[in-house]
Amino acid sequence: MIYAKCIHGSQIAKTKDEFNRRQDEEHCVYCEGETTNSHNGTNTLHCVPLNYIYDCLKYGDYIAVVDVESDDENYPCKSSYLSVQLSMSKQTITKIMKADSKEAIDYVFDNVKNKDIVHDGYKSFLSDELADYFAKRKEGHIR
């Protein structure tokens, strides 16, 4: 199972050097291939199973894929992500992509595989074109 989180573009560092320089910022900074630590060392960094990521768009317009060891290949089918989110004090990010993109939508549907359990809670945050693309992927019209 893949876990992810939504972040703001202002939280993204493009290079390791930039990532290291920005560690004292108010909000956590993320960079592909780097490990972000919570500022106060407590379990404050959250992530959700990939099928819930579009329920979290209110937290940012980018999707960051979190490196979480999970032997479970089955995504949960609950009505809310709150009972299945993970909290941790550090997260390694393997991929960052704009949530409002075909790349991100395809990534979610291609990896979750079961279109019926992909939530669309904040699909309205997507552009009209990509909200329509999301709906078509969910309906199974695009594979």
Margin query: Can you pull out every ring-ring contact (aromatic ring centres under 6.0 Å, His included) where at least one residue sits in residues 57-102? Sequence neighbours excluded, please.
Written below: none

Check: Does Asp17 have any side chain to side chain contact (heavy atoms under 4.5 Å, CB included) partners at least two apart in sequence or in another chain, and if so, which?
Finding: Thr15, Arg21

Check: Taking only residues two or more places apart in sequence or in another chain, which ones pass side chain to side chain contact (heavy atoms under 4.5 Å, CB included) with Glu139?
Finding: Ala135, His141

Next item on the list: Would you confirm whether Thr36, through its side chain, and Val29, through its main-chain N or O, come within 3.5 Å as a donor-acceptor pair?
Entry: yes

Item checked: Heavy-atom check, side chain of Cys47 versus side chain of Val68, under 4.5 Å -> yes

Item checked: Positive for side chain to side chain donor-acceptor pair (under 3.5 Å) with Tyr30, one of Lys5, His8, Gln11 -> Lys5

Check: Just wondering, are more than 12 heavy atoms of other shown residues or ligands nearer than 6.0 Å to OH in Tyr122?
Finding: no

Checklist line | Residue His27 excluded, over 12 heavy atoms near NE2 under 6.0 Å | finding: no

Checklist line | Rounded distance [0.5 Å steps], NE2 in His39 versus CD in Glu26 | finding: 8.0 Å

Notebook entry, point to check: Should Met1 and Leu50 count as side-chain neighbours, where that means a heavy-atom distance under 4.5 Å?
Noted result: no

Item checked: Closest contact, heavy atoms only, Ser87 versus His46 -> OG-ND1, 2.8 Å

Notebook entry, point to check: To the nearest 0.5 Å, what is the distance between CG (Asp100) and CG (Leu130)?
Noted result: 5.0 Å

Note to self: Under the rule for side chain to side chain donor-acceptor pair (under 3.5 Å), what residues qualify as partners of Thr35, not counting sequence neighbours?
What the structure shows: Thr92

Note to self: Are more than 12 heavy atoms, taken from residues, nucleotides or ligands other than Asp128, located less than 6.0 Å from that residue's CG atom?
What the structure shows: no

Item checked: With sequence neighbours excluded, residues passing ring-ring contact (aromatic ring centres under 6.0 Å, His included) with Tyr133 -> none

Checklist line | From CG (Leu45) to OG (Ser89), nearest 0.5 Å | finding: 7.0 Å

Next item on the list: Check side chain to side chain donor-acceptor pair (under 3.5 Å) between Glu25 and all other residues, then give those that pass, not counting sequence neighbours.
Entry: Arg22

Note to self: Going by ring-ring contact (aromatic ring centres under 6.0 Å, His included), name the residues that satisfy it together with Tyr52, two or more places apart in sequence or in a different chain.
What the structure shows: His119

Check: Can you name the closest pair of heavy atoms from Pro76 and Pro49 and give their distance?
Finding: CG-CG, 3.8 Å

Item checked: Student check: side-chain heavy atoms of Leu86 and Tyr3 closer than 4.5 Å -> yes

Margin query: Restricting to non-hydrogen atoms, name the atom on Asn37 and the atom on Lys90 that form the minimum distance, rounded to 0.1 Å.
Written below: OD1-CB, 3.2 Å

Notebook entry, point to check: Asp120: what forms a side chain to side chain donor-acceptor pair (under 3.5 Å) with it, not counting sequence neighbours?
Noted result: none

Checklist line | Results of salt bridge (Lys or Arg N to Asp or Glu O under 4.0 Å) for Glu34 - residues two or more places apart only | finding: none

Next item on the list: Return yes if some donor-acceptor pair links the side-chain N/O of Gln91 with the main-chain N/O of Val66 below 3.5 Å, else return no.
Entry: no

Notebook entry, point to check: Within a strict 4.5 Å, meaning less than it, do heavy atoms of the Cys31 and Ile93 side chains meet?
Noted result: no

Next item on the list: Sequence neighbours left out, what pairs pass salt bridge (Lys or Arg N to Asp or Glu O under 4.0 Å) with at least one residue falling in residues 45-64?
Entry: Asp61-Lys98

Next item on the list: Can you measure from SG (Cys77) to CG (Asn114) and round to the nearest 0.5 angstrom?
Entry: 6.5 Å

Check: Out of curiosity, Lys115 NZ to Asp110 CG, how far, rounded to the nearest 0.5 Å?
Finding: 14.0 Å

Margin query: Please check this pair: side chain of Asn51 against backbone of Ile117, looking for a donor-acceptor N/O pair closer than 3.5 Å.
Written below: yes

Next item on the list: Name all residues meeting the side chain to side chain contact (heavy atoms under 4.5 Å, CB included) criterion together with Lys95; count only those two or more places apart in sequence or in a different chain, and write none if there are none.
Entry: Glu32, Val65, Met97, Glu103, Tyr107

Next item on the list: Please assess Ile53 against Val48 for the test side-chain contact (heavy atoms from CB on, under 4.5 Å), listing each intermediate value before the final yes or no.
Entry: CA-CA 7 Å; Ile53 197 62; Val48 298; 4.1 Å; yes

Item checked: All ring-ring contact (aromatic ring centres under 6.0 Å, His included) counterparts of Tyr54, not counting sequence neighbours -> Phe134

Checklist line | Heavy-atom neighbours of Asp24 CG exceed 12 at 6.0 Å | finding: no

Note to self: Would you say Phe19 ends up clustered with Ile7 if hydrophobic residues are merged whenever their side chains have heavy atoms under 4.5 Å apart, either directly or through other cluster members?
What the structure shows: no

